[in-house]
Amino acid sequence: MKLGFGLYKHMLNTQHYNFAKQCGATHLVIHMVDYFGHNKDNADQPIGGKDGWGKAGSPCDIWSFEDLMSIKKEINDHGLQLEAIENFDPAHWHDILLDGPKKELQMENLKQLIRNVGKAGIPIFGYNFSLAGVAARNQGPYARGKAVSVGMDGGDDTPIPNGMVWNMIYDENAPEGTLPKIDHDELWNRLQYFLNEILPVAEEAGVKMAAHPDDPPMPYVRNTPRLVYQPDMYQKLIDMTPSPSNNLEFCLGSIAEMTEGDVYEATNTYSKQGKIGYIHFRNIIGKVPNYKEVFVDDGDIDMFKILKILKKNNFDGVLIPDHTPQMTCDAPWYAGMAYAMGYMKAAISLVNNKK
């Protein structure tokens with residue numbers, strides 16, 4: 001098992017590369033989508049709200065091989081390896097998610113993007129097939145010692161306005177109104193189209209597509225259905241399009257928040273199949289629709305038990321803290337992340353070296 005670190009787009013710079021290295025990370029998982037374009041002062045995680053996170057990127061500007069190689073070289077020059085890119089830009093695939101008129105054109109662009117990722121030697125691409133994305137959460141002093149963290153206190157059935165998907169505005173001139181309501185079967189059908197098209201390309205490119213579970217894992221969020229809101233739904237996703245490139249972005253916090261199943265059983269099931277691309281290693285207290293994110297050593301999940309299961313099943317991938325409570329000091333995000341990384345480094349070392 002390897003210790004990794006996750007960086008948002010505005011953090012792709014020397015300061016954050018050095019910080020990751022100082023914390024003991026050997027690998028990075030990066031975001032190329034600019035969730036913080038409207039608020040770069042908040043370096044924790046995008047919370048959003050009913051109005052979303054801001055404007056999506058350019059619909060025609062997919063990430064080129066040259067762009068990816070430039071970022072990879074920067075990361076390598078700082079003694080780190082680029083393990084994965086997390087999430088497509090909503091501008092690049094909104095009609096794939098929405099079954100809109102541009103879905104075939106957008107799919108061809110995504111195929112080229114995955115070819116670029118493979119050519120650049122980046123092994124994993126994470127994605128979250130969701131209309132609402134990460135929504136219905138709030139922020140407060142929820143963690144130990146009143147550390148500021150994220151949680152959920154009830155659902156959100158506010159319809160999504162036209163021109164928005166995955167919390168970002170892809171069309172500022174969209175007609176008034178909201179997304180039409182669809183059922184779960186329709187969303188699974190849209191996912192089936194996506195997997196059928198993208199997985200053969202990913203296989204050829206040597207890229208693993210890693211699906212994130214719903215966050216928060218509710219049956220509906222913002223009047224839209226969700227796909228993976230119980231642990232066994234991951235199996236449905238794996239089985240619907242068998243492929244060595246059909247993998248999981250395994251978020252422990254999201255799985256523990258689910259109302260059914262067991263996070264240890266799920267970890268054992270999917271790591272035994274060799275289907276976990278990389279892991280979001282974070283802890284929580286509670287279940288949807290009422291849960292709180294907490295420090296890695298202070299939640300419902302026995303993180304050492306998780307590591308022992310992964311070790312038993314020979315998981316050799318990357319674990320990242322994803323996000324963590326902010327600590328009360330002049331650098332809340334840095335302190336919270338350093339705490340999580342120190343815990344993870346020690347825990348992984350102990351489990352790896354145990355006879």
Side-chain angles (χ1 to χ4, degrees), residues 8 31 33 35-39 42 44-56 86-88 90 93-94 97-99 127-143 148-172 174-188 190-191 211-231 233 249 251 253-260 280 282 284-294 299-300 322-323 325:
Y8 292 117
H31 293 257
V33 183
Y35 314 118
F36 294 92
H38 62 303
N39 182 16
N42 180 0
D44 176 33
Q45 56 172 307
I47 304 303
K50 292 177 175 58
D51 296 327
W53 295 342
K55 194 172 184 306
E86 189 163 318
N87 292 341
F88 294 109
W93 74 324
H94 56 81
L97 295 170
L98 298 170
D99 193 29
Y127 69 96
N128 187 328
F129 202 95
S130 170
L131 306 188
V134 181
R137 305 180 307 159
N138 51 37
Q139 193 173 49
Y142 301 141
V148 174
S149 185
V150 170
M152 186 180 187
D153 187 17
D156 182 357
D157 59 3
T158 308
I160 299 172
N162 289 332
M164 177 189 289
V165 74
W166 227 98
N167 286 302
M168 303 191 79
I169 299 167
Y170 66 86
D171 184 359
E172 294 178 297
E176 289 189 14
T178 59
L179 297 186
K181 190 168 184 178
I182 62 170
D183 61 19
H184 289 92
D185 287 343
E186 171 61 22
L187 193 59
W188 279 102
R190 295 179 188 181
L191 173 67
H212 194 290
D214 285 302
D215 182 7
M218 296 279 289
Y220 286 89
V221 170
R222 296 200 67 176
N223 208 37
T224 63
R226 313 285 264 182
L227 288 177
V228 182
Y229 58 89
Q230 302 295 3
M233 293 173 175
E249 181 185 332
C251 180
S254 296
I255 293 166
E257 293 157 14
M258 295 174 180
T259 57
E260 298 175 6
H280 284 178
R282 63 178 178 88
I284 56 93
I285 291 176
K287 301 278 188 182
V288 293
N290 301 102
Y291 72 86
K292 302 293 184 284
E293 295 185 11
V294 295
D300 292 344
D322 191 22
H323 34 79

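Values in this document were obtained by computation on a predicted structure and should not be read as measured data.
- Taking each heavy atom of N128 and P213 in turn, the nearest pair found is ND2-O, 3.7 Å.
- Below 30°, between 30° and 60°, or above 60°: for H31 and Y8 the angle between ring planes is between 30° and 60°, a tilted geometry.
- Across V165 and L97, no two heavy atoms sit closer than the pair CG2-CD1, 3.9 Å.
- Each salt bridge (Lys or Arg N to Asp or Glu O under 4.0 Å) pair with one or both residues in residues 176-188, not counting sequence neighbours, appears once here: E186-R190.
- When side chains are defined from C-beta on, Y35 does not count as touching N167, because their heavy atoms never get closer than 4.5 Å.
- Counting only heavy atoms from C-beta outward, the side chains of L131 and I182 approach each other to under 4.5 Å.
- The closest side-chain heavy-atom distance from F129 to W93 is below 4.5 Å.
- The nearest pair of heavy atoms linking N162 to L179 is OD1-N, 3.6 Å.
- Residues M164 and P90 have side chains not in contact (no heavy-atom distance under 4.5 Å, counting atoms from C-beta outward).
- Every residue meeting the side-chain contact (heavy atoms from CB on, under 4.5 Å) condition with V294, not counting sequence neighbours, appears here in chain and number order: N283, I285.
- I160 places none of its side-chain heavy atoms less than 4.5 Å from the side chain of N223.
- The heavy-atom pair separating R226 from P216 by the smallest distance is NH2-O, 3.1 Å.
- Listed by chain and residue number, Q230, V288 satisfy the side-chain contact (heavy atoms from CB on, under 4.5 Å) test with T259 (two or more places apart in sequence, or in another chain).
- Shown here for P159 and R222, the closest heavy-atom pair between the two residues is O-NH2, 3.2 Å.
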Checklist line | Chi angles and distances behind the side-chain contact (heavy atoms from CB on, under 4.5 Å) call for D153, R137 | finding: CA-CA 7 Å; D153 187 17; R137 305 180 307 159; over 6 Å; no

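- For Y142, the side chain to side chain donor-acceptor pair (under 3.5 Å) partners at least two apart in sequence or on another chain are N138.
- Annotation: salt bridge (charged side-chain N to carboxylate O under 4.0 Å, His left out) contacts of D157 (sequence neighbours excluded): none.
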Next item on the list: List the steps, then state whether side-chain contact (heavy atoms from CB on, under 4.5 Å) holds for M233 with L227.
Entry: CA-CA 7 Å; M233 293 173 175; L227 288 177; over 6 Å; no

Next item on the list: Take C251 and H212 through the side-chain contact (heavy atoms from CB on, under 4.5 Å) test and state the conclusion after the steps.
Entry: CA-CA 7 Å; C251 180; H212 194 290; 3.6 Å; yes

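- Inspection of the Y291 and D300 side chains reveals no N or O donor paired with an N or O acceptor under 3.5 Å.
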Next item on the list: List the steps, then state whether side-chain contact (heavy atoms from CB on, under 4.5 Å) holds for M152 with M218.
Entry: CA-CA 11 Å; M152 186 180 187; M218 296 279 289; 3.7 Å; yes

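- H184 and Y220 have their aromatic ring centers within a separation under 6.0 angstrom.
- Formation of a donor-acceptor pair under 3.5 Å by the K292 side chain with backbone atoms of S149 is not found in this model.
- Salt bridge present: E257 and R282 bring a charged side-chain N and a carboxylate O closer than 4.0 Å.
- Legend: residues meeting side-chain contact (heavy atoms from CB on, under 4.5 Å) with D171, ordered by chain and number and at least two apart, are N173, A174.
- In this structure the side chain of E86 reaches within 4.5 angstrom of the side chain of H280, judged on heavy atoms.
- For the pair S130 and D214, the minimum side-chain heavy-atom distance is below 4.5 Å.
- For the residue pair Y170 and A56, the shortest heavy atom distance occurs at CA-CB, 4.2 Å.
- Contact annotation: the side chain of W166 never approaches that of V33 to less than 4.5 Å [non-hydrogen atoms, C-beta and beyond].
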